[in-house]
Amino acid sequence: MEVVIQPGSAEMASLVADEIERLLAAKPDAVLGLATGSSPLAVYEELIRRHRAGRISFARARGFLLDEYVGLPAEHPEGYRNVIEREFAAHVDFADGAVQAPPGAVSSAELPDACAAYERAIAEAGGVDLQLLGIGSDGHIAFNEPGSSLASRTRIKTLTEQTRQDNARFFGGDIDSVPRHCVTQGLGTIMDARHLVLLATGSGKAEAIHQLVEGAVSAMWPATIMQHHPHATVLLDEAAGSRLQLGGYYRQVLADKPDWQGL
Ligand code: F6R
């Protein structure tokens with residue numbers, strides 16, 4: 001796992017956009033795994049900027065979202081399908097239907113088949129080349145809350161009180177408006193991606209980041225499964241990295257890294 005500590009989200013976003021630009025230059029039909037929430041927003045802004053400057057095209061690329069709330073009306077602005085459209089997809093040149101989201105709006109009877117179909121769609125697209133991730137303060141990635149199977153696939157999950165509190169800021173501060181359930185890619189699904197790129201900022205993520213990078217692999221801190229991934233990059237600001245035991249070593253590794261080596 002590579003740990004990259006940067007001064008702030010602009011520097012983090014620039015490094016991740018470089019990586020995506022390189023990927024799309026080499027493989028224009030690459031499959032991107034897209035996260036929502038606040039952590040990837042600076043990356044999306046930078047990608048939009050580079051697209052407008054003529055540096056990146058998504059015309060042949062595809063995107064798959066990590067998760068979707070259950071029970072929100074289709075037009076709800078905080079539904080992740082709508083969030084990704086507003087924050088990213090509508091501003092670049094994805095083809096119609098190229099960005100897909102897990103099935104948050106199907107009946108419970110249809111859900112198992114719909115989740116299996118989402119897994120199939122990812123596999124038929126060739127699998128995710130680069131998966132963007134944020135992390136919850138309780139250590140979730142996508143919405144795999146503590147206790148999730150480390151081998152899980154796309155399915156319905158119940159959000160923890162902590163996650164609903166953390167996400168109330170997107171719902172006018174009202175925790176009662178935050179859905180209780182979601183459909184999320186599983187940890188096994190995420191681990192199938194070829195490159196995992198996780199971004200975290202702020203001291204509220206510091207303990208989760210310490211566990212992710214330096215803790216024991218455990219369903220109690222679901223993101224720790226990333227320690228088993230052959231190509232995982234964790235980008236942090238100073239505050240998110242403030243509880244790392246080996247922070248000095250990660251900085252030294254980065255300083256000594258050859259220029260030609262990407263993330
Ligand atoms: C969102 C997602 C979540 C968020 C996490 C952190 O698609 O999968 O795991 O990445 O809850 O959220 P932010 O970035 O808002 O702190």
Side-chain angles (χ1 to χ4, degrees), residues 8-9 12-13 16 32-45 63-70 72 76-89 99-104 118 122 128 130-148 152-173 175 178-191 193 196-209 211-212 219 221-226 232-237 239-241:
S9 53
M12 292 158 58
V16 176
L32 301 175
L34 303 173
T36 45
S38 48
S39 301
L41 289 179
V43 173
Y44 296 144
E45 280 165 26
F64 288 91
L65 267 69
L66 282 170
D67 37 25
E68 181 56 284
Y69 289 117
V70 168
L72 290 182
H76 194 290
E78 292 309 321
Y80 282 163
R81 188 74 196 75
N82 298 327
V83 169
I84 203 70
E85 204 56 32
R86 184 173 68 239
E87 304 291 354
F88 179 43
V99 176
Q100 298 187 46
Y118 193 64
I122 296 173
V128 171
L130 186 150
Q131 177 64 61
L132 291 172
L133 296 164
I135 187 168
S137 58
D138 64 2
H140 68 235
I141 49 173
F143 276 143
N144 294 283
E145 297 285 28
S148 292
S152 47
R153 312 299 306 188
T154 302
R155 71 220 182 285
I156 191 164
K157 285 294 286 183
T158 303
L159 298 171
T160 61
E161 185 79 4
Q162 177 70 58
T163 298
R164 293 180 63 240
Q165 249 162 36
D166 288 347
N167 286 7
R169 69 192 194 280
F170 296 115
F171 291 83
I175 188 171
V178 182
R180 292 178 183 275
H181 297 101
C182 61
V183 175
T184 179
Q185 286 190 30
L187 294 169
T189 320
I190 293 167
M191 288 291 285
L196 303 181
V197 177
L198 185 142
L199 299 117
T201 54
S203 57
K205 303 290 176 73
E207 176 62 15
I209 289 297
Q211 294 291 339
L212 155 63
W221 291 96
T224 55
I225 190 62
M226 289 173 62
T233 310
V234 175
L235 293 110
L236 309 171
D237 68 358

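Counting starts at 1 for both ligands and their atoms, following the listed order.
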At a 4.0 Å cut-off, with the gap strictly under it, does some heavy atom of Glu145 reach an atom of ligand 1?
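It does not, in that no heavy atom of Glu145 comes within the 4.0 Å cut-off of ligand 1.
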I want to confirm something. Looking only at heavy atoms, which of Gly33, Ala101, Ser39 is nearest to atom 14 (O) of ligand 1?
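Looking at heavy atoms only, Ser39 sits closest to atom 14 (O) of ligand 1.
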Should one rank Gly134, Pro222, Ala142 by closest heavy-atom distance to atom 3 (C) of ligand 1, which comes out on top?
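Of the listed residues, Ala142 has the closest heavy atom.
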Given that the side chain starts at C-beta and the backbone is N, CA, C, O, which of these parts of [X] lies under 4.0 Å from ligand 1, counting heavy atoms, or is it both or neither?
X: Thr36; value: both
X: Glu68; value: neither
X: Ile135; value: backbone

Atoms in ligand 1 with a heavy atom of Lys205 nearer than 4.0 Å
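Reading through ligand 1 atom by atom, the close ones are 6 (C), 13 (P), 16 (O).
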Contacting atoms of ligand 1, where contact means under 4.0 angstrom from a heavy atom of Leu66
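Listed by number with element, the hits are 8 (O).
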Closest approach of any protein heavy atom to atom 11 (O) of ligand 1, naming residue and atom:
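Result for atom 11 (O) of ligand 1: His140 NE2, 2.7 Å.
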What's the shortest heavy-atom distance between [X] and [Y], and which atoms?
X: Gln185; Y: Leu65; result: NE2-O, 3.1 Å
X: Val70; Y: Val183; result: CG2-CG2, 3.7 Å
X: Ser137; Y: Trp221; result: O-CZ3, 3.8 Å

Sequence neighbours left out, what passes side-chain contact (heavy atoms from CB on, under 4.5 Å) with Arg86? Give chain and number order.
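Arg86 satisfies side-chain contact (heavy atoms from CB on, under 4.5 Å) with Pro77, Glu78, Val83 only.
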Please identify each residue that fulfils ring pair (Phe, Tyr, Trp, His ring centres under 6.0 Å) with His76, with sequence neighbours left out.
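Result, ring pair (Phe, Tyr, Trp, His ring centres under 6.0 Å) vs His76: Phe171.
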